[in-house]
S.K.: 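Provided herewith is a single structure, encoded as structure tokens, for subsequent inquiry.
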Protein chains: 2
Amino acid sequence: MAVDPEHVLRAAAALLTRKSTATMDEVAKAAGISRATLHRHFAGRDALVRALEALGIAECEAALDEARLDEGSASDAVRRLVGAIEPAAGLLAFLYTENQLFEGEEQNAGWATIDDRISALFRRGQLGGEFRVDLTPAWLTEALYGLMASGAWLVHSGKGAPKDFQHMIVELLLGGALRREES
Amino acid sequence: MAVDPEHVLRAAAALLTRKSTATMDEVAKAAGISRATLHRHFAGRDALVRALEALGIAECEAALDEARLDEGSASDAVRRLVGAIEPAAGLLAFLYTENQLFEGEEQNAGWATIDDRISALFRRGQLGGEFRVDLTPAWLTEALYGLMASGAWLVHSGKGAPKDFQHMIVELLLGGALRREES
DNA sequence: CCTGGATGAGACATCCGTGTCTCATATGGG
DNA sequence: CCCATATGAGACACGGATGTCTCATCCAGG
């Protein structure tokens with residue numbers, strides 16, 4: 001019988017990614033459990049969202065580890081990062097819009113850590129002469145988030161193929177829209 | 001006494017941009033009117049959001065007109081567009097996250113028109129050999145939205161200066177993060 | 001077989017936001 | 001000056017979502 005909290009979180013994430021205003025009852029149904037049991041594991045919607053936030057942070061950290069940001073060229077590291085983070089893009093897009101989390105003062109410190117790791121990657125690319133220096137690492141990081149949200153939206157709306165997700169984002173982020181003669 | 005609906009909408013947009021879950025009562029207070037009067041002008045939260053959506057669309061259309069997308073190089077047109085749309089970026093970011101509007105089937109057709117106009121700009125740039133052709137106009141359009149949302153967020157959070165808004169977005173969108181030898 | 005823990009179903013009270021109403025007040029034009 | 005109109009303040013009921021509780025059921029382990 002024992003309900004798997006992980007499975008519940010996955011189901012909740014999948015549902016809330018599509019319908020961010022879903023009821024606790026809908027979340028319970030989506031997870032295949034009753035509302036009572038859902039409330040036994042996550043005391044209220046707030047706790048559920050916090051748990052989802054922790055899950056999203058954990059998946060981001062895992063993607064950051066998997067991408068081995070310190071190895072090889074910064075460009076390749078960005079490419080690996082986007083590829084590794086793609087499965088979590090839907091959840092991240094949900095959390096991104098759940099700005100309730102960022103309006104209060106009790107925002108999870110995990111995001112700052114992630115920001116720092118990604119910013120460090122862009123900084124490494126700048127110091128290595130790979131990336132241009134007139135765009136700040138903070139902006140490049142934020143832009144990466146925005147592009148991933150846009151990419152997730154494009155795929156979700158059916159206007160783009162999931163297999164193009166990584167290519168679209170990385171090519172635009174690194175190469176830009178302008179056509180080049182060389183390279 | 002006559003309340004200016006335009007002013008109410010501006011105040012509502014400013015508040016909802018910061019706190020998307022604001023109550024009708026909070027919106028009324030922000031606009032300096034009573035909740036009763038607010039409800040006399042906009043019959044319910046839904047109507048208010050629709051009015052904001054219409055305002056956002058109108059501002060987008062105005063920015064599109066002002067940017068004269070058909071004139072000069074596509075790159076310069078993009079640059080003008082971002083500059084012209086900047087004042088509305090906060091409102092657009094709010095509407096962007098108000099995905100409630102897009103979950104139903106009754107989404108405002110105005111967005112499609114705007115999408116088409118921007119897509120046409122990118123397509124013009126591709127046909128003219130100015131933009132690369134391996135990124136679809138639909139993706140470039142969506143990416144522009146995402147970058148504007150990220151830029152608005154960066155400015156709002158104090159991590160970036162408003163004066164850099166246009167430069168950050170246009171440079172990244174067109175030029176990408178990679179450092180170039182020429183140009 | 002039996003017992004304890006976990007779950008499902010449902011009832012119930014509560015809170016919050018909303019929509020609606022009334023009444024007093026103030027403003028501006030005739 | 002008088003009256004129509006708009007506004008502000010507040011009361012009131014409604015609905016939806018939530019939190020909490022009880023009880024029956026089911027399954028696993030002893």
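Proteins come first, then strands; the chains are lettered A, B, ... in the order of their sequence lines, and each starts at number 1. Note that the structure is a prediction, hence the values are computed from the model and not measured. Note that these values count all heavy atoms, side chains included, but never hydrogens, waters or copies made by symmetry.
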S.K.: What is the distance from CD1 of A:Ile33 to P of C:dA9, rounded to the nearest Å?
M.R.: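 So the CD1-P distance, A:Ile33 to C:dA9, works out to 11 Å.
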S.K.: Between A:Leu38 (CG) and C:dA9 (C1'), how many Å, whole number?
M.R.: 15 Å
S.K.: Taking only N and O in the side chain of B:Ser34, is any of them less than 4.0 Å away from OP1 or OP2 of D:dT7?
M.R.: no
S.K.: Between B:Arg10 and B:Leu91, is there a side-chain heavy-atom distance shorter than 4.5 Å?
M.R.: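 A side-chain contact under 4.5 Å is absent here.
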S.K.: Within the structure provided, determine whether B:Val27 and B:Phe42 are in side-chain contact (heavy-atom separation under 4.5 Å).
M.R.: no
S.K.: Ignoring hydrogens and angles, does a donor from either the side chain of A:Arg40 or the base of D:dG19 sit under 3.5 Å from an acceptor on the other?
M.R.: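 No.
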S.K.: Please report the C-alpha distance between B:Asp76 and B:Arg68 in whole Å, then the side-chain angles of each, then the deciding distance to 0.1 Å, and finally whether the salt bridge (Lys or Arg N to Asp or Glu O under 4.0 Å) criterion is met.
M.R.: CA-CA 10 Å; B:Asp76 287 342; B:Arg68 308 183 311 281; over 6 Å; no
S.K.: May I ask you to check whether over 12 heavy atoms, not counting those of A:Arg179, lie within 6.0 Å of atom CZ?
M.R.: no
S.K.: State whether A:His41 places a side-chain N or O below 4.0 Å from either non-bridging phosphate oxygen (OP1 or OP2) of C:dA6.
M.R.: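 A:His41 to C:dA6 OP1/OP2: no side-chain N or O under 4.0 Å.
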S.K.: Are any non-hydrogen side-chain atoms of B:Leu48 and B:Leu9 less than 4.5 angstrom apart?
M.R.: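 They are in contact (side-chain heavy atoms under 4.5 Å apart), so the answer is yes.
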S.K.: Taking the six-membered ring for Trp, are B:Tyr145 and B:Tyr96 parallel (under 30°), tilted (30 to 60°) or perpendicular (over 60°)?
M.R.: perpendicular
S.K.: Could you write nucleotides 11-19 of chain C as a row of B, S and -, 5' to 3', where a protein heavy atom under 4.0 Å of any base atom gives B, of only sugar-phosphate atoms gives S, and otherwise -?
M.R.: B-----SBB
